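Working notes for the structure below.
Below, each value reflects all heavy atoms present in this structure, side chains not excepted, and no hydrogens, waters or symmetry copies. Just so it is clear, the structure is predicted and the values come from calculations on it, not from any experiment. Chain letters run A, B, ... following the sequence lines, proteins first, then strands; residues in each count from 1.
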Amino acid sequence: MRLAPDFYARPVLEVAHDLIGCTVEHRGVSGVIVETEAYHESEPACHAFVGVTERTKTLFGEPGTAYVYRSYGIHALLNAVCEPAGVGAAVLIRALQPLDGIDEMRSRRGGVDDEQLCSGPGKLTQALAIELSENETDLGGDGPVVIRPRAAGWRAPEIVVGTRIGITQAAELPWRFCVAGCPHVSRPRPANMRPAIEAGG
DNA sequence: CATGGGATTGACT
DNA sequence: GTCAATCCCATGC
């Protein structure tokens, strides 16, 4: 099973919702996506807001490719490019529930509690050893980072929506999706978040 | 070419 | 609660 480009070539809010429950795998280490955020060229928090540059060309490229960039000079953050080519948009993968290779995650993360192995966008790239050099690689199975569909028989959890974390621009948009009550979600935990409107999946 | 500002995290008060 | 680490990139001179 794989997620074809068609999955990503849709409104970024739908993809952000539908990526909850999918898995991310990198060289045998994997987790289930439990938190995402949507970014779109129409709003200033998105890197693509400034148009096509050397940095943002990935966001305007083919849906289903990875956008990996360095945050605060320290962390690599993983995004999935969405919407048709030519539209700058992506879903930020913010948290995973560890699945495979947990011992490897533990050694890379310096012995934190298992609930904190992947409870943040910088934490999960460290746990999975995802690197900047993997920017613009295919997420459908031809690249080192692979996002797979929800498992057969996967039971939809309650998904809640809230405002995005750590941004100053367009901070009011409710474009953050989390699994309600999931201990692997990043801080601040969903508190005053409302249930998501089912967008598909 | 210099500069300012992050889609964060961990340590510390 | 506050704050530094650290570097790439977009912008402006």
Side-chain angles (χ1 to χ4, degrees), chain A residues 8 11-17 19-20 22 24 26 31 33-61 63 65-83 87-96 98 105-137 139 145 147 160-179 183-191 193:
Chain A
Y8 298 98
V12 68
L13 283 172
E14 288 185 20
V15 182
H17 175 279
L19 277 174
I20 299 290
C22 298
V24 181
H26 184 247
I33 299 173
V34 295
E35 179 182 357
T36 61
E37 283 177 2
Y39 288 85
H40 187 272
E41 63 178 35
S42 62
E43 44 89 15
C46 182
H47 292 169
F49 185 71
V50 299
V52 180
T53 66
E54 189 60 28
R55 177 196 206 185
T56 65
K57 64 180 183 183
T58 308
L59 288 167
F60 291 89
T65 60
Y67 171 52
V68 186
Y69 76 96
R70 185 172 296 292
S71 174
Y72 291 91
I74 302 171
H75 303 101
L77 270 54
L78 172 67
N79 300 251
V81 174
C82 294
E83 311 249 355
V87 179
V91 172
L92 171 68
I93 311 299
R94 284 194 59 90
L96 306 176
M105 293 188 189
R106 289 180 181 133
S107 68
R108 288 170 180 158
R109 293 276 298 123
V112 300
D113 294 343
D114 282 4
E115 290 179 354
Q116 295 173 47
L117 288 175
C118 300
S119 60
K123 296 176 183 178
L124 70 90
T125 56
Q126 184 184 12
L128 269 62
I130 292 171
E131 304 169 26
L132 289 184
S133 61
E134 288 157 339
N135 183 45
E136 221 163 2
T137 58
L139 292 170
V145 184
I147 298 183
V160 291
V161 180
T163 53
R164 296 175 293 183
I165 303 301
I167 57 172
T168 57
Q169 309 253 290
E172 75 286 354
L173 295 176
W175 286 9
R176 180 193 186 203
F177 298 82
C178 300
V179 174
H184 304 281
V185 160
S186 72
R187 306 260 179 155
R189 294 288 172 71
M193 297 178 78

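The separation between Arg109(A) atom CZ and dG10(B) atom P is 5 Å, rounded to whole Å. In this entry the distance linking CZ of Arg94(A) with C1' of dT9(B) reads 11 Å, nearest Å. Rounded to an integer number of Å, the gap from Arg164(A) CZ to dG6(B) C1' is 14 Å. Taking atom CD of residue Glu131(A) and atom C1' of nucleotide dC8(C), one finds them 17 Å apart after rounding to whole Å. Atom NE2 of His40(A) is separated from atom P of dA7(B) by 18 Å (rounded to the nearest Å). For Leu173(A) and dA7(B), the CG to P distance is 14 Å, given to the nearest whole Å. In this structure, Arg108(A) places its CZ atom 17 Å from P of dT9(B), rounding to the nearest Å. When the C1' atom of dG6(B) is taken as reference, atom OH of Tyr39(A) falls 11 Å away, rounded to whole Å.
The main-chain N or O of Leu92(A) is never found under 3.5 Å from a side-chain atom of Glu37(A) such that the two would form a donor-acceptor pair. Judged purely by atom type and a 3.5 angstrom limit, Glu131(A) has no side-chain atom pairing as donor or acceptor with the backbone of Ser133(A). At least one donor-acceptor pair under 3.5 Å links the side chain of Arg108(A) to the backbone N or O of Ala127(A). Under the 3.5 Å distance criterion, the side-chain polar atoms of Thr53(A) are matched with a main-chain donor or acceptor of Thr56(A).
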Inset, instruction - Test His26(A) against Glu134(A) for side-chain contact (heavy atoms from CB on, under 4.5 Å), laying out the working first. - result: CA-CA 11 Å; His26(A) 184 247; Glu134(A) 288 157 339; 2.7 Å; yes
Inset, instruction - Report the C-alpha distance between Tyr39(A) and His47(A) in whole Å, list the side-chain angles of each, state the deciding distance to 0.1 Å, and finish with yes or no for ring pair (Phe, Tyr, Trp, His ring centres under 6.0 Å). - result: CA-CA 8 Å; Tyr39(A) 288 85; His47(A) 292 169; 7.6 Å; no
Inset, instruction - Starting from the C-alpha separation in whole Å, work towards a yes-or-no answer on side-chain contact (heavy atoms from CB on, under 4.5 Å) for Val161(A) and Arg176(A). - result: CA-CA 5 Å; Val161(A) 180; Arg176(A) 180 193 186 203; 6.0 Å; no
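Taking NE2 from His184(A) and CD from Glu35(A), the interatomic distance works out to 12.5 Å, rounded to the nearest 0.5 Å.
Between Glu172(A) and Arg164(A) there is no salt bridge, since none of the side-chain N atoms of the basic residue sits less than 4.0 Å from a carboxylate O of the acidic one.
Between Thr168(A) and Gln126(A), the residue whose closest nucleotide on DNA chain B is further toward the 5' end is Thr168(A).
Considering only side-chain N and O atoms, His47(A) lies nowhere under 4.0 angstrom from the phosphate OP1 or OP2 of dC9(C).
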Using a cutoff of under 3.5 Å, can you pull out all pairs of nitrogen or oxygen atoms linking the protein to nucleotides 10-13 of chain C, with atom names and distances?
{"unit_1": "dA10(C)", "atom_1": "OP1", "unit_2": "Thr53(A)", "atom_2": "OG1", "d": "2.5"}
{"unit_1": "dA10(C)", "atom_1": "OP1", "unit_2": "Arg55(A)", "atom_2": "N", "d": "3.2"}

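Within 4.0 Å (heavy atoms only), Leu92(A) reaches at least one base atom of the nucleic acid. Looking at heavy-atom distances under 4.0 Å, Leu132(A) makes no contact with the nucleic acid at all.
Nucleotide dT6(C) is matched to nothing when pairs are restricted to Watson-Crick or G-U wobble geometry with both distances under 3.5 angstrom.
Listed by residue number, the members of residues 70-82 of chain A with any heavy atom below 4.0 angstrom from DNA chain C are Arg70(A), Tyr72(A), Gly73(A), Ile74(A).
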